[in-house]
Amino acid sequence: MKTPLDRSVYKELESIVGAPNLSEDDGIVLGYAWNGLAADPGRNRLSEVWPSAIIMPGSTEEVQAIVKCCVRNKLRFRALSTGVWSMNASPGQYLILDLRRMNRCEIDAKNQMAIIEPYVTALQLQNAALREGLTCHIVGAGPPHSPLASATSVAGIGVSGATTGVNYRNLLALEWVTPEGEIKRIGSSGSDVGWFNGEGPGPGFRGMIRGDNGAYGGIGVFTKIGFKLHPWKDEAKPVKVSGAHPQLGAPLSERQRFYHLVWDDWEKGAEAAIILNKSRVADFWLRIPPSGIGTVLTADNGEYLRRKANGTLPVAARDENTCHWSVLTLATSDAEMRYKERVMAKIIADTGAKVIEMPKEEYEVLIRNLVTSTYVLRVWRPTFGSITSIGGLDNFRMMPKMMEAAEKLLEKDAKKGHFVSADAVWTWANESRHMWAENVPVYSTQDRKASAAAMAYFVRMTVLLSTKPFGMNGFAIGPVADLAGGGYGRSNEWMRKIKNRYDPKGLSIGQHYVFNKQGPLSTTGWRLLGKLIGARYFQPILKFVILQMLKRTRN
């Protein structure tokens with residue numbers, strides 16, 4: 001349950017935003033108690049800690065006043081924009097800043113950029129940009145995510161990463177309310193000349209405030225940014241829509257081509273990915289598990305289960321077609337389109353790819369999912385319970401090893417029905433250089449054994465990445481940062497220095513960043529614990545402990 005705020009503090013906060021924009025009502029607060037990782041919103045669910053109150057500022061100045069109030073009263077806080085997970089579960093008094101009132105969006109078409117606030121969604125931004133012949137990068141979280149949050153505070157890479165980059169590179173100038181209540185404007189905005197440039201002379205400030213993963217709300221509040229947009233290389237503006245909800249699609253235009261390519265093994269698929277990167281002909285490309293494609297190409301769970309049982313799932317959703325890429329190419333001219341067709345034909349021939357033919361209504365749904373990155377919400381549909389790991393930001397040659405390791409850890413529990421599939425790896429290209437790989441197993445949060453299996457899997461994968469790494473761990477956040485930091489140039493120590501410099505009182509909740517002081521286990525201690533957890537004989541003990549935790553919860 002929540003720890004109530006002192007009445008004097010509540011009144012002070014109320015004077016900043018007005019009574020309608022502050023609440024400690026249980027019915028409101030409960031909506032912010034979701035903290036991911038198998039925990040249902042509600043009492044006695046793994047962690048029963050709720051925020052003390054929810055406040056909705058409407059401007060940077062109100063955010064600053066709220067933070068200064070928190071500093072005076074030693075009240076911890078955390079900002080939230082759109083949030084797939086709010087990732088909250090901090091004991092004691094704490095305040096959630098819901099930034100939904102800060103949703104202003106301005107498109108600067110001439111300079112191919114936007115100026116956005118925290119609650120501008122990727123869907124809202126892309127719709128506005130497409131009208132100007134531009135588009136934005138949308139991370140895997142899909143259309144509801146906040147590009148500002150992605151660019152400043154959270155890891156995340158999307159399906160168009162080969163051509164639109166990643167959002168921490170799309171971040172231009174920014175406005176930041178520090179954990180001590182100072183307003184900092186970084187880049188060109190700090191000189192009152194606009195939002196077009198994120199850096200001045202000297203070391204890059206963006207690397208300090210976010211690095212690779214971001215601080216997940218652990219280093220203050222970002223209230224406005226300049227955000228880079230990219231040319232939409234097609235005459236269809238905005239993108240046309242076909243089909244009917246929920247199976248909405250996007251018809252191919254004259255200068256678009258769609259390919260669903262399958263290989264015999266991941267060594268060939270990885271080689272094809274490297275060539276695709278070099279050629280730069282693919283604008284959107286993605287690999288998700290066949291079971292995920294099945295949920296995307298069926299209207300509801302009932303249809304998916306019926307078609308799986310009678311063997312009529314779409315060809316692309318069948319297990320034998322697991323080594324695949326869905327590829328969409330766009331062109332600005334007929335000549336460019338012909339060139340891309342020739343290059344794709346050569347890649348297909350040289351790598352031995354099989355081209356999967358599919359009905360128009362199927363490939364149009366996949367195209368729309370590629371362009372808008374709506375896959376993740378569809379793939380979670382069977383249970384809406386999911387967990388993620390790996391976060392592999394590395395060379396495509398690592399992919400076969402990642403696929404093998406992920407399936408090995410999930411295999412037994414998948415056979416028991418705890419996971420939808422043992423194959424749960426998503427991967428795509430990033431900046432035409434390397435891949436992003438993420439393992440996203442889907443399971444039921446209503447099944448305690450499945451929830452225990454999911455949490456045990458997460459712990460085991462984290463340990464595996466720390467003891468026998470196969471590429472960079474893109475989810476080295478929170479306590480894992482201390483576990484993995486030694487392998488990444490002591491990154492955890494630098495994070496802690498930044499945290500203590502800008503948030504010496506530790507009020508900006510850092511449970512997914514770093515705490516001001518390292519926990520009771522040293523890096524050596526973490527590694528010893530990791531070896532124990534990773535040992536085969538310890539697996540039944542690990543699951544038993546987690547299951548006992550879950551049994552103490554209430555349905």
Side-chain angles (χ1 to χ4, degrees), residues 1-5 9-36 39 41-42 49-71 73 75-90 92-105 116-125 141-154 175-179 181 183 214-225 507-513:
M1 295 293 288
K2 69 174 187 283
T3 303
L5 294 179
V9 176
Y10 192 92
K11 287 295 183 183
E12 187 176 349
L13 291 168
E14 189 176 61
S15 70
I16 296 170
V17 297
N21 297 311
L22 176 66
S23 179
E24 59 182 354
D25 181 87
D26 283 358
I28 299 294
V29 170
L30 178 57
Y32 296 79
W34 172 267
N35 67 340
V49 180
W50 299 0
S52 301
I54 312 301
I55 192 167
M56 297 194 300
S59 67
T60 301
E61 290 70 28
E62 287 187 358
V63 171
Q64 180 185 37
I66 293 165
V67 171
K68 285 188 173 182
C69 174
C70 290
V71 172
N73 295 284
L75 174 62
R76 293 171 308 126
F77 64 90
R78 190 174 187 276
L80 171 70
S81 55
T82 59
V84 175
W85 288 330
S86 59
M87 300 173 76
N88 302 312
S90 188
Q93 288 185 342
Y94 72 100
L95 182 69
I96 292 296
L97 281 69
D98 184 336
L99 305 175
R100 68 179 59 234
R101 293 175 63 210
M102 300 176 67
N103 61 358
R104 288 168 280 273
C105 175
I116 58 175
E117 291 185 333
Y119 217 82
V120 173
T121 67
L123 177 63
Q124 176 187 349
L125 179 59
H145 93 270
S146 162
L148 179 145
S150 170
T152 63
S153 305
V154 185
E175 184 176 71
W176 173 38
V177 178
T178 75
I183 297 177
Y216 289 78
I219 194 169
V221 186
F222 298 95
T223 52
K224 185 185 294 186
I225 64 169
L507 297 179
S508 190
I509 295 173
Q511 69 191 57
H512 295 94
Y513 182 46

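Quick note: residue numbers are just sequence positions, from 1.
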Closest non-hydrogen atoms of Cys70 and Leu507, given as atom of the first, atom of the second and distance, are O-CD1, 3.8 Å
Rounding to 0.5 Å, atoms OG1 (Thr82) and CG (Asp98) come to a distance of 10.0 Å
Grab the two heavy atoms, one from Ile54 and one from Leu95, that are nearest each other, plus how far apart they are.
-> N-CD1, 4.4 Å
Kindly assign one of parallel, tilted or perpendicular to the pair Phe222 and Trp176, based on the angle between their ring planes and the thresholds 30° and 60°.
-> parallel
Checking Thr223 side chain against Pro118 main chain: does a donor-acceptor pair fall under 3.5 Å?
-> no
Name all pairs fulfilling the salt bridge (charged side-chain N to carboxylate O under 4.0 Å, His left out) condition that reach into residues 61-71, sequence neighbours left out, sorted by first residue then second.
-> Glu62-Arg101
Between CG on residue Leu80 and OG on residue Ser146, distance to nearest 0.5 Å | 9.5 Å
Residues Ile55, Phe77; criterion side-chain contact (heavy atoms from CB on, under 4.5 Å); working and verdict | CA-CA 10 Å; Ile55 192 167; Phe77 64 90; over 6 Å; no
Grab the two heavy atoms, one from Glu117 and one from Asn103, that are nearest each other, plus how far apart they are.
-> OE1-N, 3.2 Å
For the atom pair CD1 (Ile96) and CD1 (Ile509), what is the distance rounded to the nearest 0.5 Å?
-> 6.0 Å
Given the rule in the side-chain contact (heavy atoms from CB on, under 4.5 Å) test, do Val221 and Leu99 qualify, once you have shown the distances and angles that lead to the verdict?
-> CA-CA 10 Å; Val221 186; Leu99 305 175; 4.0 Å; yes
Closest heavy-atom pair, Val9 versus Cys69, reported as atoms and distance to 0.1 Å, is CG1-SG, 4.4 Å
Any pair counted as salt bridge (charged side-chain N to carboxylate O under 4.0 Å, His left out), so long as it reaches residues 14-29, sequence neighbours left out | Lys2-Asp26, Arg7-Glu24, Lys11-Glu14
Closest heavy-atom contact between Met102 and Thr60?
-> CE-N, 3.8 Å
Taking the side chain as every heavy atom from C-beta outward, state whether Glu175 and Ile183 have any atom pair closer than 4.5 Å.
-> yes
Verdict with reasoning, Arg78 to Tyr216, per side-chain contact (heavy atoms from CB on, under 4.5 Å) = CA-CA 9 Å; Arg78 190 174 187 276; Tyr216 289 78; 3.9 Å; yes
Atom pair OG/OH of Ser23 and Tyr10 - distance to nearest 0.5 Å = 5.5 Å
Backbone of Tyr94 reached by a side-chain donor or acceptor of Ser52 within 3.5 Å | yes
From Cys105 atom SG to Leu148 atom CG, the distance as rounded to the nearest 0.5 Å | 11.5 Å
Which pair of non-hydrogen atoms, one from Leu5 and one from Ala53, has the smallest distance, and what is that distance?
-> CD1-CB, 3.8 Å
Does the side chain of Gln93 pick up a donor-acceptor pair with the side chain of Thr3 at under 3.5 Å?
-> no
Out of curiosity, Ile116 CD1 to Lys224 NZ, how far, rounded to the nearest 0.5 Å?
-> 11.5 Å
